[in-house]
Amino acid sequence: GERKPLPSLVNFSDADRTASSDPLLGLRKLFQESEIEVPDLLLCAGDLADRADPIALKSAWSELASIQADFEIPHFVATCGNHDLDSRCLENRFDPKGYLRKLVPSFPLPGYGKNDVEQLKYWSNNFSIVEGPNWRILTINSCAYHGYGPDSRPELDHGRISHHTLDEIRSEIKALDGRMNQKFNICLVHHHLREMRTDAHPDKSRMQGSEDLLSLLSQAEFGEWFVVHGHVHRGEIYGERGNSGPIVLSCA
């Protein structure tokens, strides 16, 4: 009969993986054969696996960590996507983030230990801020409420950032005082921040609370921001909120 398509772009059991069809091999080829300089940062905007398959999660995460090591990329920061959480309880009845917490190196901040403060803040406060020599990353868990509550299905359909989380982000950024303009500020999040729809497909998965996040990142006192998100599989780069608003990269 007709073969069903694989639910992933990467089949780790396939001995004939090629760079043209495998984005992880394609990334390796880019660094090996092009004149592009090795970056200071490797970012992952989520959705490592399909429906939180534990073997796929481990394989994809290990491959990304291997790319970082092989090309001596100094820093690696990630955020989780809706497909990285076992929110449908396919593998575990009550702990949607369990497999992510077990990944090696530690997810979502491989350069930090599993019990490091910033690592724990990502899971408890739904965001973390980490800094390098000339950059700063605010990584946000827009899937924080997936899989919880008496009827969690509506939460699976979209991302969310709560007012409590926004207040904590605002307080932490304010504590940086005048240092916001001294580094390149990046906001990494999985879900998209503005509606992306077509005539055939309405957009119901945009991150709830995204307008408030954009308002926060558009305040001149908090410096300039570059937002990177995934989820919609649509490549686009655009500006938001005028001169003081962030530039947004939608990853394909």
Would you find a donor on one side and an acceptor on the other, under 3.5 Å apart, between the side chain of His83 and the backbone of Arg51?
-> yes
How are the rings of His192 and His231 set to each other: parallel, tilted or perpendicular (split at 30° and 60°)?
-> parallel
Tell me, do Asn185 and Val227 make a side-chain contact under 4.5 Å, heavy atoms counted?
-> no
Say you draw a straight line from CG of Leu138 to CD of Glu131; how long is it, rounded to the nearest 0.5 Å?
-> 11.0 Å
Quick one: pull up OH in Tyr145 and CZ in Arg160 and give me the separation to the nearest 0.5 Å.
-> 8.0 Å
N/O donor-acceptor pair under 3.5 Å between Glu240 side chain and Tyr238 backbone | no
Residue pair Phe222 / Ile173: nearest heavy atoms and the distance that separates them | CD2-CG2, 3.4 Å
To the nearest 0.5 Å, how far apart are CZ in Arg28 and CG in Leu25?
-> 7.5 Å
Rounded to the nearest 0.5 Å, how far does CG of Asn141 lie from OG of Ser124?
-> 10.5 Å
Judged by atom type as modelled, is there a donor-acceptor pair below 3.5 Å linking the side chain of Gln68 to the main-chain atoms of Ile73?
-> yes
Looking at OG of Ser142 and CG of Asn126, how far apart are the two atoms once the value is rounded to the nearest 0.5 Å?
-> 10.0 Å
His229 vs Val248, side chain to side chain contact (heavy atoms under 4.5 Å, CB included): CA-CA, chis, key distance, verdict = CA-CA 8 Å; His229 73 74; Val248 182; 3.6 Å; yes
Do you reckon Ile237 sits in the same ILVMFWY cluster as Phe184, going by side-chain contacts under 4.5 Å, direct or chained?
-> yes
Measure centre to centre between the rings of Phe76 and Trp61, then say whether the value is under 6.0 Å.
-> yes
Hey, could you give me the CG/NZ distance between Asp53 and Lys58, rounded to the nearest 0.5 Å?
-> 12.5 Å
Ignoring hydrogens and angles, tell me if any N or O in the side chain of His190 forms a donor-acceptor pair with the backbone of Ala45 under 3.5 Å.
-> yes
Say whether, by atom type as modelled, one donor and one acceptor occur between the side chain of Asp84 and the main chain of Gly81 under 3.5 angstrom.
-> yes
Any side-chain heavy atom of Thr79 within less than 4.5 Å of one from Ile140?
-> no
Heavy-atom pair with the smallest gap, counting every atom of Ser218 and Pro246 | OG-CD, 3.5 Å
Verify, without hydrogens or angle tests, whether Thr139 (side chain) and Ala78 (backbone) share a donor-acceptor contact under 3.5 angstrom.
-> yes
Check whether any side-chain heavy atom of His158 sits under 4.5 Å from a side-chain heavy atom of Met207, and report yes or no.
-> no
Phe71 and Ile36: same hydrophobic cluster, using ILVMFWY side-chain contacts below 4.5 Å?
-> yes
Please walk me through it: do Ser210 and Arg206 pass side chain to side chain contact (heavy atoms under 4.5 Å, CB included)?
-> CA-CA 8 Å; Ser210 61; Arg206 178 175 62 88; 2.7 Å; yes
With side chain to side chain contact (heavy atoms under 4.5 Å, CB included) as the test, would you mind laying out the steps for Ile169 and Glu172 before giving the verdict?
-> CA-CA 5 Å; Ile169 291 173; Glu172 192 157 330; 5.9 Å; no
Donor-acceptor contact present, side-chain Gln119 to main-chain Leu109, <3.5 Å = yes
Within the distance-only criterion (no hydrogens, no angle test), does the side chain of Ser66 pair as donor or acceptor with the backbone N or O of Ser62 below 3.5 angstrom?
-> no
Any side-chain heavy-atom pair from Val38 and Glu72 closer than 4.5 angstrom?
-> no
Can you find a pair of side-chain heavy atoms, one from Val228 and one from Cys251, that are under 4.5 Å apart?
-> yes
Heavy-atom side-chain contact between Leu213 and Leu217 under 4.5 Å = yes
Would you confirm whether Lys121, through its side chain, and Phe127, through its main-chain N or O, come within 3.5 Å as a donor-acceptor pair?
-> no
Closest heavy-atom contact between Ile186 and Trp225?
-> O-CZ3, 3.4 Å
Flag, side chain of Ser128 to backbone of Tyr122, donor-acceptor distance under 3.5 Å | no
Side-chain heavy atoms under 4.5 angstrom apart, residues restricted to Ile, Leu, Val, Met, Phe, Trp, Tyr: same cluster for Val104 and Leu64?
-> no
For the residue pair Gly239 and Ile247, what are the closest heavy atoms and their distance?
-> CA-CD1, 4.1 Å
Shortest non-hydrogen contact from Val77 to Leu188?
-> O-CD2, 3.7 Å
Can you tell if the side chain of His164 reaches within under 4.5 Å of the side chain of Asn125, non-hydrogen atoms only?
-> no
Test side chain to side chain contact (heavy atoms under 4.5 Å, CB included) applied to Trp123 and Arg101, step by step = CA-CA 9 Å; Trp123 296 114; Arg101 297 296 307 277; 3.2 Å; yes
Heavy-atom side-chain contact between Phe226 and Cys187 under 4.5 Å = no
Heavy atoms only: give me the nearest Gly209-Ile161 pair and the separation to one decimal.
-> O-CG2, 3.5 Å
